[in-house]
Amino acid sequence: MSEFVRNRLKKRLGQFLLLSKFCIVVSVAWVCSHVYTMAFTLLAIGQTYRPVQARSGIFSLRCASRSAKKKEPAPTKAMFGRVGHSLKCGVVGVPNVGKSSFFNLLTNGRARAENFPFCTIDPNEGRVAVPDERFNTLCDIFKPAKRTPAYLKVTDIAGLVKGAHEGAGLGNSFLNHISLVDGIYHLCRGFDSETISHVEGSVDPARDLEIIATELRLKDLAYVESFLLRSRSKKANDPTKKTEFAVLEKVQHLLSTGDKDVRTSDWGDGEILILNNHVLLTAKPAMYVLNVSKEDYLRGECNYAQQAQEYVDSVDSGSQIIPFSVQYEQELLDDATEHTKQSAVADIIQAGFATLNLIRFFTVGEDEVRSWPVHAQTHAPQAAARIHTDFEKTFIQAEVTKYDDMKEYGSESAAKTAGKQKRYGKDYVVQDGDIIHFKTGASKKK
């Protein structure tokens, strides 16, 4: 081969190797650019990567398993009572303990209050704004054109006497009125009077509370026994009814052999959900109020208070009796007495609101500051539905500022700048005092 040919081949081979190297570099660059583009795209849509040692010793990126389960929200404990936002407390007690006067004080109502039994027959209904310093502070901050507090609905129910479950004193009608409320104010008398009679002839708050408790238990027992008797044939034909029957038979045994209410006994979550399908009077949440004389209220002592508290401790451990005086509260309203002691009305309203297992969240702005009552353990989409029913379906996220942060920073923008406004999704459980802006999408037209 001539020298000319060899030089020519060497030159061509060099050109070929140079071209090959260039193609390899371009190909590697193209592959790398696509790999990085894919990686950053996946990162941008929320995928999680972690370095993994390859067998060759080179680090590579591996995407976390897509099949990993989402973190489930913590299960909520079942509670007695109807889940809702427009709930009512009923005032219950024996005749002539001050129920109608108590109702009038709470609601600024005009219910008839007389010194004889059964002056109330049809229930009186009213509502009262729930006192809340947080609401007042937010109104001071935003100075809105409209202020809407949360309200508590209250029902004045006629007095119950012994044998009410069998119809004594129009008892069946009055017990039915109790079935329509969601919580109970147990009002008992703790004052002596020569002019105000007592249906039992003497003042004894423990005895009065026991009369009411017994009548409610006997009414529930009659309901459960009737239900089991009517539905006995269905038990054999419907296996799904066996669990319900077992729970109601447990209630039957409880009410017929002891002095415990349904709500104060031990139940599993599944059992509570079954019992909530039945209107049991002794399953309704309750609180206790003792109507004392003006003198006893002002000096903070009452001969009947300990007696009443001991009874409550024996049947509803952990519950407290709130003392108040109809006479003193009425004189405060009429400016007929010196304001020497704080009114108990605000505490009683707050306690009734809490007894119904209600909390409040706020919406704020220059147009309106509003307090929204919702059931405890309510998730954000369901809370949004309180404002408009479509918001639950179109919910995107909740922007939440805690009340303490809003109070500290003095404005929504300052709290947001300080990083105190958080964003949450559908699993967020609304907390008492949250200030929330809901972001929603457009509703779908049918």
Side-chain angles (χ1 to χ4, degrees), residues 40-49 64 68-77 83-86 129-151 350 353-354 356-444:
F40 284 112
T41 300
L42 290 174
L43 285 171
I45 63 174
Q47 297 292 337
T48 304
Y49 289 83
K69 293 183 179 179
K70 276 188 174 182
K71 185 179 179 181
E72 296 293 337
T76 55
K77 181 174 175 57
V83 175
H85 316 297
S86 183
V130 181
D132 193 339
E133 283 301 318
R134 300 172 302 181
F135 175 76
N136 297 335
T137 300
L138 292 174
C139 288
D140 291 340
I141 292 173
F142 290 92
K143 297 177 174 54
K146 184 178 180 182
R147 306 180 179 202
T148 308
Y151 287 94
Q350 292 276 20
F353 195 82
L356 293 175
N357 203 31
L358 293 173
I359 61 171
R360 283 151 287 185
F361 74 89
F362 302 99
T363 52
V364 297
E366 294 181 355
D367 293 334
E368 182 182 23
V369 169
R370 184 159 182 167
S371 177
W372 298 89
V374 292
H375 206 263
Q377 301 179 351
T378 295
H379 286 79
Q382 289 71 49
R386 290 283 288 120
I387 300 173
H388 194 292
T389 52
D390 286 349
F391 287 180
E392 181 175 0
K393 298 177 182 178
T394 60
F395 176 88
I396 296 176
Q397 67 180 14
E399 296 180 345
V400 180
T401 306
K402 298 301 180 181
Y403 166 77
D404 289 340
D405 293 328
M406 184 71 76
K407 181 180 179 181
E408 178 182 353
Y409 289 94
S411 71
E412 197 169 18
S413 58
K416 186 174 182 179
T417 301
K420 299 300 182 180
Q421 187 181 87
K422 308 295 182 182
R423 296 179 179 180
Y424 298 98
K426 294 181 178 180
D427 292 338
Y428 179 70
V429 177
V430 175
Q431 304 298 307
D432 188 41
D434 280 352
I435 299 163
I436 308 180
H437 283 291
F438 294 104
K439 285 196 172 182
T440 60
S443 59
K444 295 181 180 179

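Reckoned from all heavy atoms, side chains included, excluding hydrogens, waters and symmetry mates. Just so you know, residue 1 is the first one in the sequence shown, and it goes up from there.
- Taking both residues in full, the closest heavy atoms of A383 and V430 are given as CB-CG2, 3.7 Å, listed atom of the first, atom of the second, then distance.
- Note that OH of Y428 and NZ of K422 are 11.5 Å apart. Values are rounded to the nearest 0.5 Å.
- Considering NZ of K420 and CD of E408, their distance stands at 7.0 Å, rounded to 0.5 Å.
- Residues V130 and Q350 meet the side-chain proximity criterion, which asks for heavy atoms closer than 4.5 Å.
- Sparse packing is recorded around NZ of K426, with 12 or fewer heavy atoms of other residues, nucleotides or ligands lying under 6.0 Å away.
- Of all heavy-atom pairs between G365 and P144, the closest is O-CB, 3.5 Å.
- A cation-pi arrangement, defined by a distance under 6.0 Å to the six-membered ring centre and an angle within 45 degrees of its axis, is present between R360 and F353.
- The aromatic rings of F361 and W372 sit parallel, their planes meeting at an angle under 30°, below the 60° perpendicular limit.
- Considering SG of C139 and CD of E368, their distance stands at 9.5 Å, rounded to 0.5 Å.
- The structure places CZ of F135 at 7.0 Å from CZ of R147, a figure rounded to the nearest 0.5 Å.
- Separation of atoms NE2 (H437) and NZ (K416) is listed at 8.5 Å; rounding is to 0.5 Å.
- For the side chain to side chain contact (heavy atoms under 4.5 Å, CB included) test with Q421, the passing option among D405, V400, T401 is T401; the others fail.
- Remark: D140 CG is packed, more than 12 non-hydrogen atoms of other residues, nucleotides or ligands lying under 6.0 Å away.
- Across all non-hydrogen atoms, the minimal contact from F391 to A385 is CB-N, 4.4 Å.
- Inspection of the Y424 and D434 side chains reveals no N or O donor paired with an N or O acceptor under 3.5 Å.
- For the residue pair S371 and P373, the shortest heavy atom distance occurs at O-CD, 3.6 Å.
- A donor-acceptor pair under 3.5 Å links the side-chain atoms of Q431 to the main chain of V429, judged by distance alone.
- Using modelled atom types and a 3.5 Å distance limit, the side chains of T417 and Y409 yield no donor-acceptor pair.
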Next on the checklist: Is there a side chain to side chain contact (heavy atoms under 4.5 Å, CB included) between Q382 and E392? Walk through the geometry before answering.
Outcome noted: CA-CA 6 Å; Q382 289 71 49; E392 181 175 0; 2.9 Å; yes
Item to check | H388/T394 under side chain to side chain contact (heavy atoms under 4.5 Å, CB included): CA gap, chis, key distance, verdict | outcome: CA-CA 10 Å; H388 194 292; T394 60; over 6 Å; no
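- Scanning all heavy atoms of the two residues, the minimum distance from I141 to M406 falls at CD1-O, 4.0 Å.
- Within the 4.5 Å cutoff, the side chain of K143 has no heavy atoms near those of the E366 side chain.
- Note that OG1 of T137 is 3.0 Å distant from OH of Y403, once rounded to the nearest 0.5 Å.
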Item to check | Step-by-step salt bridge (Lys or Arg N to Asp or Glu O under 4.0 Å) determination, R134 to D132 | outcome: CA-CA 5 Å; R134 300 172 302 181; D132 193 339; 3.0 Å; yes
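- Nearest approach of A384 to F395, heavy atoms of both residues: CB-CD1, 4.4 Å.
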